*Asks:* 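Structure incoming, see below.
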There are 2 protein chains.
Amino acid sequence: MEPNTQKDSPLFHQNFPPLILKILQVVDLNVDEINTLMKLHNHPHSFDELTTIINHGAIHKKSYIVTEGWAYRYYDLNDGSRQIINFYLPGDIISPYALVMRKTPYCVDSITCLKVCEFEPEKLIELFVTQPRLNLIYGWLLGREDSMMAEQIVRNGRRSAYKSVAHLLLEIHHRLRIVDHAAEEAFPMPIAQHYLSNALGLSLVHISRTLRKLRVNKLIAVTPKTVSLLDINKLKEITEYKGYYLDQIKDINSIIENTMIDNSLQTTNMA
Amino acid sequence: MEPNTQKDSPLFHQNFPPLILKILQVVDLNVDEINTLMKLHNHPHSFDELTTIINHGAIHKKSYIVTEGWAYRYYDLNDGSRQIINFYLPGDIISPYALVMRKTPYCVDSITCLKVCEFEPEKLIELFVTQPRLNLIYGWLLGREDSMMAEQIVRNGRRSAYKSVAHLLLEIHHRLRIVDHAAEEAFPMPIAQHYLSNALGLSLVHISRTLRKLRVNKLIAVTPKTVSLLDINKLKEITEYKGYYLDQIKDINSIIENTMIDNSLQTTNMA
DNA sequence: CCTGCCCATTAACTTAAGTTAATGAAATGC
DNA sequence: GCATTTCATTAACTTAAGTTAATGGGCAGG
């Protein structure tokens, strides 16, 4: 996790935190930008498993970059049921809107032991002013979140349990793979079935039934902490999975070149 | 947030487009900022009802500010079913991520005749550079969208049809009211029941049954193009409606002031 | 080693919501 | 004026998913 900006080193990729890996999937970063992003990683912190990180109704204070482990955002209803809104995997930002939103309408809990880097959302402002490309990249991260939530809405609204479960597994696999946390057709899945149930709005029993069906159909294999996707192409076909919302971005340089009216402000500020 | 005399004058309200009204609900704008926002409204355009505005898979080119009418974003599945992701009402921005996202994974169609103001997403960059407060306000608009989508996920995942329908009606009423398009307990609803059905992931028949139940319980009244909320407090209680995600923001001025101070201390403040 | 807890599985039964279809009520068109 | 279409309603029936509950496998802790 120590900064290492030797871009030519063969270990280059291995040394970067997952957020930077994720960004490098879609756009090149220069040394300045990497340094700036590394600075956001200056305050590592660790949460135990099953710990509340952000509480419903609290004032937004910090943002967190996940570097290791799983967490999730959820909302509890009065009847005791819980709806998971999204999962946070390595490379994701918890509370990306902390800069402007006052109160968090939702809770965030860790699932596994969670390693994060805490940053003050106000840091984003100076980051954006000095590095306009990073401003756009941050916007891309937000747009990507928007697409993932839209997918979650489609899953919950109009897909059968069978397709829903398969679709979510495909997405998690895809997201983990982008940050080098999954093999070609398997990934570590440290979450119990009740998380799937609360994410997909289904009962625990029905999740169990549905996973069995997927196992019987030789589409997945599950061991206590791993999921294997045995036939990714068939899974994608069945679920109509289209993952392109996860790894596409516009050509950032041409956007900036075409619009920069006043480049003179853009002096490098690195110390 | 503070009422000021100018803001309460009827003339004041009539003259601004709904996006500005929405922003003025949570933060004061100076003349410069209002002028900048007005410039974004320089290219009015009109779409007929039931027209596709953005097509699945197309390259993002334009963004649109809705000034009048309703539209919605959706995704169609192979079996012919459609899931509505969100509605666009006056004051909303269609394609707010067009600046960075390449292809739209979803479609947007008008419901009624739709008046919009088209703007090039690249315009946002110079706007942000010259008006940092507007940069934050744009971020707030995105964070608000995020909250609304989270609510949509909770509705579809863990609420009964009865609560789901009531909750959506409350939210639409709240949103319309913010931009002066709704009375205290009634609003024009130009959308047929199949939109509700596709938004909530329920069948058309079940929407009809559910609306009847709400009518019988004297909670709503419906005429062809209007919905009346007969007992808002009871509706809020039943559905656990908490609308604060729609109209809260941090104190933008203090964010900016604090960051300028941080800037000057930046070299000493980290190691 | 047992004890207890968590989690997954399976079966039996229930229910909320889906489906199909018939009817009516408006709105639209000729 | 009537014909056509669209939309809402209601009833009868079906089904996917929920509920309850019993069973068993791991595994942590004494």
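For clarity, every value in this text was computed on a predicted model and none was experimentally measured. Quick note on labels: first sequence line is chain A, next is B, and so on, each numbered from 1.
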*Asks:* Taking the side chain of Q193(B) as its heavy atoms from C-beta onward, which of dA8(C), dG18(D), dT9(D) lies nearest to it?
*Replies:*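 Closest of the options to the side chain of Q193(B): dT9(D).
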*Asks:* Out of dT19(D), dT19(C), dA17(D), which has the shortest distance to the side chain of V205(A)?
*Replies:* dT19(D)
*Asks:* Rounded to whole Å, how long is the line connecting atom CD of E49(B) with atom C1' of dT28(C)?
*Replies:*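 One finds 12 Å between C1' of dT28(C) and CD of E49(B), rounded.
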*Asks:* Expressed in angstrom and rounded to an integer, what is the separation of H206(A) atom NE2 from dC7(C) atom C1'?
*Replies:*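 Roughly 19 Å, once rounded to whole Å.
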*Asks:* Please work out whether the ring planes of H56(B) and Y75(B) are parallel, tilted or perpendicular, with thresholds of 30° and 60°.
*Replies:*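 Tilted: the ring planes of H56(B) and Y75(B) meet at 30° to 60°.
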*Asks:* N198(A) has an atom CG; how far is it from atom P of dC7(C), in whole Å?
*Replies:*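 Rounded to whole Å, this separation is 12 Å.
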*Asks:* Can you check ring-ring contact (aromatic ring centres under 6.0 Å, His included) on Y88(A) and Y72(A), steps first, answer last?
*Replies:* CA-CA 5 Å; Y88(A) 298 103; Y72(A) 66 109; 8.8 Å; no
*Asks:* Expressed as a whole number of angstroms, how long is the span from N156(A):CG to dA17(C):C1'?
*Replies:*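 My rounded result for the distance is 16 Å.
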*Asks:* Of the nucleotides dT9(C), dA21(C), dT19(D), which one has an atom closest to the side chain of S208(A)?
*Replies:* dT9(C)
*Asks:* Assess whether a salt bridge exists between E185(B) and R177(B), defined as any Lys/Arg side-chain N lying under 4.0 Å from an Asp/Glu carboxylate O.
*Replies:* no
*Asks:* Quick one: L204(A) CG to dG18(D) P, roughly how many Å, whole number?
*Replies:* 10 Å
*Asks:* Send over the distance from I207(B) CD1 to dA16(C) P, rounded to a whole Å.
*Replies:*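 These atoms are roughly 16 Å apart.
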*Asks:* Check the distance between dA26(C)'s P and K225(B)'s NZ and give it to me in whole angstrom.
*Replies:* 14 Å
*Asks:* Per the side-chain contact (heavy atoms from CB on, under 4.5 Å) rule, which among V108(A), D92(A), I93(A), I53(A) passes with Y64(A)?
*Replies:*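 The single option meeting the side-chain contact (heavy atoms from CB on, under 4.5 Å) with Y64(A) is I53(A).
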*Asks:* Let's see if you can work this out: which of dC7(C), dG18(C), dA17(D) has an atom nearest to the side-chain heavy atoms of A192(A)?
*Replies:*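 When the side chain of A192(A) is considered, dC7(C) is the closest of dC7(C), dG18(C), dA17(D).
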*Asks:* Determine: side-chain N/O of R215(A) to OP1/OP2 of dT9(C), distance under 4.0 Å, yes or no.
*Replies:* yes
*Asks:* Within the 4.0 Å heavy-atom criterion, would you say L202(B) contacts the bases, only the backbone, or no part of the nucleic acid?
*Replies:* sugar-phosphate
*Asks:* Could you tell me whether R175(A) and E171(A) have a side-chain N and a carboxylate O separated by less than 4.0 Å?
*Replies:* yes
*Asks:* Could you check how far CZ of R158(A) sits from P of dA16(D), rounded to whole Å?
*Replies:* 16 Å
*Asks:* When you get a sec, tell me which of dG18(D), dT9(C), dT10(D) is the closest nucleotide to the side chain of R212(B)?
*Replies:*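 Among the listed nucleotides, the one closest to the side chain of R212(B) is dT10(D).
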*Asks:* Need one value for L211(B): base, sugar-phosphate or nothing, where a base atom within 4.0 Å counts as base even if backbone is also close, heavy atoms only.
*Replies:* nothing
*Asks:* DNA chain D: R209(B) or G201(A), which has the more 5' nearest nucleotide?
*Replies:* R209(B)
